[in-house]
Number of protein chains: 2
Amino acid sequence: MKRKPAKDTGEESGGTAPGGIQALDAALSVLRVLRSFDGPAALSDIAREAGMPPSKVHRYLASFIHAGLAVQKERSGRYDLGREAAELGVAAISRNNFVVRASDELEELAAATGQAALLAVWSHHGPTVVRLERGPNLTTTSIGLGSTFPLLDSATGRIFLSYLAQQQLAGRLHHELERAATAGVSWPDLNPDVASVEALTAKVRRERVAYVDGRFIPGLSAISSAITNWQGEIEVAVTLFGTHKELLEPGSATRTALVDFASRHSIVPPAQLGNASDRAR
Amino acid sequence: MKRKPAKDTGEESGGTAPGGIQALDAALSVLRVLRSFDGPAALSDIAREAGMPPSKVHRYLASFIHAGLAVQKERSGRYDLGREAAELGVAAISRNNFVVRASDELEELAAATGQAALLAVWSHHGPTVVRLERGPNLTTTSIGLGSTFPLLDSATGRIFLSYLAQQQLAGRLHHELERAATAGVSWPDLNPDVASVEALTAKVRRERVAYVDGRFIPGLSAISSAITNWQGEIEVAVTLFGTHKELLEPGSATRTALVDFASRHSIVPPAQLGNASDRAR
DNA sequence: GAAATGCATTGCATAATACGCAAATAGGAG
DNA sequence: CTCCTATTTGCGTATTATGCAATGCATTTC
């Protein structure tokens, strides 16, 4: 096969895996480009973004379509991710033991509290719904798998805000703070500045729950708690939501059940096993 | 590159996409194999399942790992799906509106089967038509966008009756059962009592279709199937209808096409996420 | 209405690259 | 320590992916 005859400057292994296959690396980078679009994308746009000739990308896409990872809409249309991509993602998520175990009991939690319940994990877009259990009282909602929540404005978001490492949050947090500042928005319990956010997250970690009342979705109250792994990092957020504000009260049965649920599915880091940095290296 | 020197029996395009790339097709089939396992898998198992030499699979996996689609656990360990796979799936699902996706092909379904076709979703009033494709043979009908169907009396309604959670149906189902009981109505295949309804829905779930012949609308036969999401919950019902009763027969081309259409647009949940039939009732 | 533009798609010749085989290395068990 | 299983890596070959350019299709522009 030919290579671009021009540059061969010596810097060779720029994006190739050791022991991997060049063509496959190239193809997978196209898949990532396809994912990075918000919706269906034209061949020329994908090719430009990937830095490859359209004919090459077209052949990759033909194989992706064959595998079901991509689809082509309408006659002579644009490309989008396909059903197989969705199934792959669901399978990947279901390999996460925390999600699987919590899913098994999520229905019980919803039934016991009489509220709708969801599980969310962090993906690079933000907190993302991976499991949803509609309660008896909630018929319709704009929330579904793949929905993402804001960090500042939602119970689920605030849990990640409080438990996730600063550097993972940084990009999105800055963005939301800036938007809030320029729009002149502020909330009853939060101002759009770093100090105020710090105070909020401290409170959330102390109480082990975060909540909002009818802010992100009008008329809907939500309360969320964290399921953590052996390092004390958040793996999943569990959120209950409904139309009554009473579920937020410190002593409420709902709140107690939620915290209990989160604790039972968390792994409490053993306190006196030496600190993690010793074991890490 | 070499090919298996032995068999080249002439059966050529067994699994290759037209205009696609052979190596990529092979690699993606490995990805699918990896997904088909319940958890982490050994190289030799993946290779055997994919029908390829381990060295080939190993190189594919190296590229998958490089792209984040796969991970290798521990030292010299087994392979599993990676974070990028989850992100890919979330992206696919969040931009994937079941109604829109199915709408794109509804016309083809109608043309291929020669029947009229519709899509219906659940709104608080009941099954509601959101897309309608009049077939070549059907000129006029009382069905239009926004029409709602009864639960007991229509193919579309019976699909929702069989796949939707009990609590969402409760109100309307009670109402219809009561009306039928007081009016003394009954049907050839259904009595207005809970046990009879239960038997019907079990049959529907088993056969994956529900149908009626000229009952809801005299002289009109209809057959319906469910498009389900990642949790096994119904998102949309697809219904074909026409004046001939033959389309209801188990082996008919129409029925086969319908079930195929529905499964192609459904997301099959992995076994570990708990199965939907447990939660359905 | 006709030309023109912007796409996606597809032959084709070439040599670059992925493949199969087999050797090597690592890990685990007895 | 030794064997055994399973993963990883070199290497030569010809199969196959690639860039280029021509084709086809559709929508737009004048």
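In the text below, chain A, chain B and the rest are named by the order of the sequence lines, each starting its count at 1. Because only heavy atoms are used, hydrogens play no part in the values below, and waters and symmetry mates are left out as well, while side chains stay in.
One finds no side-chain N or O of B/H58 lying less than 4.0 angstrom from the OP1 or OP2 phosphate oxygen of D/dT7. Here B/Y79 does not reach the OP1 or OP2 of D/dA6: none of its side-chain N or O atoms lies under 4.0 Å away. For C/dC19, neither phosphate oxygen OP1 nor OP2 lies less than 4.0 angstrom from any side-chain nitrogen or oxygen of A/Q22. Neither OP1 nor OP2 of C/dT9 sits under 4.0 Å from any side-chain N or O of A/Y60.
As rounded to whole Å, 13 Å separates atom C1' of D/dC25 from atom CD of A/Q72. Rounded to whole angstrom, the span from the CD1 atom of B/I21 across to the P atom of C/dC19 amounts to 12 Å. Here C/dT9 presents its P atom at 15 Å from CZ of A/F64, a figure rounded to the nearest Å. Here C/dT9 presents its P atom at 9 Å from CG of A/L61, a figure rounded to the nearest Å. In this entry the distance linking CE of A/M52 with P of D/dG19 reads 9 Å, nearest Å. Taking atom CG on A/D25 and atom P on C/dT17, their separation rounds to 12 Å, with Å as the unit.
Of all the residues in residues 27-49 of chain A, A/A42, A/L43, A/S44 reach under 4.0 Å from DNA chain C with at least one non-hydrogen atom.
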For residues 38-46 of chain A, tabulate all N or O donor-acceptor pairs below 3.5 Å that involve a side-chain atom, not counting sequence neighbours.
{"residue": "A/D45", "atom": "OD1", "partner": "A/R48", "partner atom": "NH2", "Å": "2.6"}

Using a 3.5 Å cut-off and no angle test, enumerate the donor-acceptor pairs between side-chain atoms of residues 80-88 of chain A and protein atoms at least two apart in sequence or in another chain.
{"residue": "A/D80", "atom": "OD1", "partner": "B/R95", "partner atom": "NH1", "Å": "2.9"}
{"residue": "A/R83", "atom": "NH1", "partner": "B/S263", "partner atom": "O", "Å": "3.3"}
{"residue": "A/E84", "atom": "OE2", "partner": "B/R35", "partner atom": "NE", "Å": "3.1"}
{"residue": "A/E84", "atom": "OE2", "partner": "B/R35", "partner atom": "NH2", "Å": "3.2"}
{"residue": "A/E87", "atom": "OE1", "partner": "B/R35", "partner atom": "NH1", "Å": "3.1"}
{"residue": "A/E87", "atom": "OE2", "partner": "B/V268", "partner atom": "N", "Å": "2.9"}

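Within 3.5 Å, a donor on the side chain of A/R59 pairs with an acceptor on the base of C/dG11, or the reverse.
Under the side chain to side chain contact (heavy atoms under 4.5 Å, CB included) criterion, B/R255 pairs with B/E207, B/V209, B/Y211, B/I223, B/P250, B/S252, sequence neighbours left out. For the side chain to side chain contact (heavy atoms under 4.5 Å, CB included) test, residues two or more places apart in sequence or in another chain that qualify with A/R264 are A/E105, A/D260, A/F261. Partners of A/A226 according to the side chain to side chain contact (heavy atoms under 4.5 Å, CB included) rule, which considers only residues two or more places apart in sequence or in another chain, are A/I159, A/Y163, A/T228, A/I234.
Of the possible polar contacts, one joining the B/R32 side chain to the A/A67 backbone as a donor-acceptor pair under 3.5 Å is found.
Put simply, CD1 on B/I143 and OG1 on B/T239 are 8.5 Å apart, with the number rounded to the nearest 0.5 Å.
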